[in-house]
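Scope of the values below: all heavy atoms of this structure, side chains included, with no hydrogens, waters or symmetry mates. Letters A, B, ... are given to chains in the order of the sequence lines, protein chains preceding strands, and every chain is numbered from 1.
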Amino acid sequence: MMIEKIYCADVKPKMEGERVRLAGWVYRKREVGNKVFIVLRDSSGVIQTIFIKDLSEDAYGKAKQVGIESSVIIEGTVKSDPRAPTGVEIQADKIEIIQNVEFFPITKDASDEFLLDVRHLHLHSPKVGSIMKVKGTLMQAAREWLLQDGWYEVFPPILVTGAVEGGATLFKLKYFDKEAYLSQSAQLYLEAAIFGLEKVWSLTPSFRAEKSRTRRHLTEYWHLELEAAWMDLWDLLKVEEELVSYMLQRTLEVRKKEIEEFRKDFTTLKNSEPPFPRISYDEAIDILQSKGVKIEWGEDMGADEERILTQEFDKPFFVYGYPKHIKAFYMKEDPEDSRKALAADMLAPEGYGEVIGGSEREDDYNKLVQRIIEEGMDPKNYEWYLDLRKYGSVPHSGFGLGLERLVAWVLKLDHIRWATLFPRTPSRIYP
RNA sequence: GCCGCCGUAGCUUAGUUGGUAGAGCGCCGGACUGUUAAUCCGGUGGUCGCCCGUUCAAGUCGGGCCGGCGGCGCCA
């Protein structure tokens with residue numbers, strides 16, 4: 001059964017006099033004298049409907065008793081009227097109540113905490129809808145760009161046996177009589193895939209069992225990862241900036257209305273055209289020290305440092321050339337400075353910070369074994385991964401983008417959890 | 001793993017030196033000739049997170065537990 005209907009947003013003043021049928025949910029209800037105003041909501045937006053007692057006593061009576069967020073089908077005639085919120089309304093003579101809602105738990109005074117408790121109902125909200133539309137459009141744009149640039153989409157496993165990040169915590173689970181983990185990155189598998197497909201990408205959930213209580217961490221998030229043969233770090237940065245720029249520009253075109261609900265100033269988004277500034281880790285340390293931040297070469301930048309740094313830019317930027325010892329084992333050592341790794345992060349401006357972490361990968365068998373041992377891990381656990389450096393090894397690079405982090409910046413969200421349907425944090429797995 | 005904070009009605013909350021819980025919103029009923037999260041009048045609604053203790057008396061003081069929140073570290 002597909003209900004024949006038109007969307008709220010498609011009702012235009014020029015349709016004056018046309019008879020229409022709408023299906024959706026009661027967004028607002030106001031009773032005044034012999035009239036009931038129902039603002040109807042659907043996935044496209046809202047429109048006001050008006051029930052006049054003299055016009056249809058039956059419909060008026062039903063409209064009067066229907067509750068907020070009830071599901072209804074309304075029929076009536078289009079009237080353009082400046083008093084209606086959208087300049088046009090439906091003079092309704094028929095309402096079918098699919099399910100009446102006596103009272104909807106979410107009212108205007110809901111706290112963030114409560115909204116998360118009833119997230120399944122919070123998804124009724126047009127504002128949540130706008131976030132999800134923007135997220136979907138960002139990925140839609142990413143797919144467009146990746147397709148035209150010749151990248152193959154692949155579908156890596158989520159059930160895995162080992163860690164990518166040395167110290168990162170994995171969710172452990174029983175796999176028959178063995179132990180397995182939820183993947184925290186598809187990277188290792190993508191690296192394997194480039195030997196057949198050269199340029200690959202995937203969008204997968206990634207899981208981190210870290211008790212990170214911050215506004216930029218989730219235990220489950222959507223990870224957009226790219227991996228390519230024959231690319232060095234500098235080739236990779238070009239891919240990153242072109243991809244992210246396309247995602248942003250396209251989303252600005254398609255979702256301007258939704259973005260405006262969250263941010264007034266589009267400057268940083270519009271600025272996000274290649275090239276993005278590239279600063280070295282050394283320069284970043286200099287900038288921070290000149291701002292009076294106590295940080296020495298070799299230390300990793302903390303959240304505060306990152307925030308200060310992002311305020312120096314009005315578009316995303318790269319920090320490259322991190323000290324090797326603060327980066328992951330698979331990153332290639334800088335041949336010109338053995339203290340450094342050929343790694344770069346992309347940081348979003350306006351205090352948002354890291355959205356991408358990427359690097360050239362170590363492609364030399366012996367060096368990779370040495371790095372694994374240095375990190376206190378056992379090369380035996382990485383046998384298949386090491387094989388990739390024994391059978392036709394190639395220089396290659398790749399990166400991972402945290403989709404929710406990008407959404408959070410684009411919409412200036414105060415917390416990454418609003419950028420996902422059902423956020424999972426250390427203390428929340430329900431609903 | 002570390003530091004800090006909070007649990008009172010469905011929601012948001014007030015509650016003084018310890019004296020027996022109050023409001024707004026929602027909901028229900030009524031009024032109102034066009035409302036914009038309408039307004040006005042009336043009503044409904046409480047195991048004060050849980051346990052133990054101090055006390056004549058605990059929402060309030062003390063201890064423990066549970067749940068959640070903010071931040072750090074780690075990262076995308």
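Rounded to whole Å, the distance from CG on A/D117 to P on B/C69 is 8 Å. Taking atom CD of residue A/Q91 and atom P of nucleotide B/U35, one finds them 16 Å apart after rounding to whole Å. Straight-line distance from the CG atom of A/L218 to the P atom of B/C75: 17 Å, rounded to whole Å. Following rounding to the nearest Å, A/F399 (CZ) and B/A76 (C1') show an atom-to-atom distance of 12 Å. At whole-Å resolution of the value, CG in A/N34 and C1' in B/G34 are 12 Å apart. For the pair A/R307 CZ and B/C72 P, the interatomic distance rounds to 6 Å; values are reported in whole Å. Counting to the nearest Å, the P atom of B/C27 and the CD1 atom of A/I106 are 14 Å from each other. Rounding to whole angstrom units, CZ of residue A/F104 and C1' of B/C25 are separated by 16 Å.
For A/R339 and A/W297, the positive end sits near the middle of the six-membered ring, less than 6.0 Å away and at most 45° from its axis. Seen from the ring of A/Y320, A/K340 does not count as a face-on cation partner, given the 6.0 Å and 45° thresholds.
Sequence order on RNA chain B of the closest nucleotides to A/G400 and A/I68 puts A/I68 first from the 5' end. Nearest-nucleotide positions on RNA chain B place A/D304 closer to the 5' end than the other of A/V355 and A/D304.
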Toss me the dot-bracket line for RNA chain B: Watson-Crick and G-U wobble, both under 3.5 Å, 5' to 3', using | for pairs to another strand and [ ] for crossers. (((((((..((((.....[..)))).(((((.......))))).....(((((..]....))))))))))))....
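Residues from residues 37-65 of chain A placing a heavy atom under 4.0 Å of any atom in RNA chain B, listed by number, are A/F37, A/Q48, A/I50.
One donor-acceptor pair, N or O on each side, does fall under 3.5 Å between the base of B/G34 and the side chain of A/E89. Under 3.5 Å, the side chain of A/S212 and the base of B/C74 form at least one donor-acceptor pair of N or O atoms. With hydrogens and angles left out, the side chain of A/T214 and the base of B/G73 share no donor-acceptor pair within 3.5 Å. Judged by distance alone with a 3.5 Å cut-off, no donor-acceptor contact links the side chain of A/R213 to the base of B/C3.
Counting any heavy atom pair closer than 4.0 Å across all strands shown, A/K79 reaches no nucleic acid atom. Within 4.0 Å of A/H223, counting heavy atoms only, lie sugar-phosphate atoms of the nucleic acid but no base atom. Counting any heavy atom pair closer than 4.0 Å across all strands shown, A/E225 reaches no nucleic acid atom.
Taking atom C1' on both nucleotides, B/A58 is separated from B/C51 by 15 Å, rounded to a whole Å. Comparing the same atom, C1', in B/G24 and in B/G15 gives a spacing of 15 Å after rounding to whole Å.
Contact annotation: A/R28 side-chain N/O to B/G26 OP1/OP2 distance is not under 4.0 Å.
Within a 6.0 Å radius of CD in A/Q65, other residues, nucleotides and ligands contribute more than 12 heavy atoms. Within a 6.0 Å radius of OH in A/Y152, no more than 12 heavy atoms belonging to other residues, nucleotides or ligands are found.
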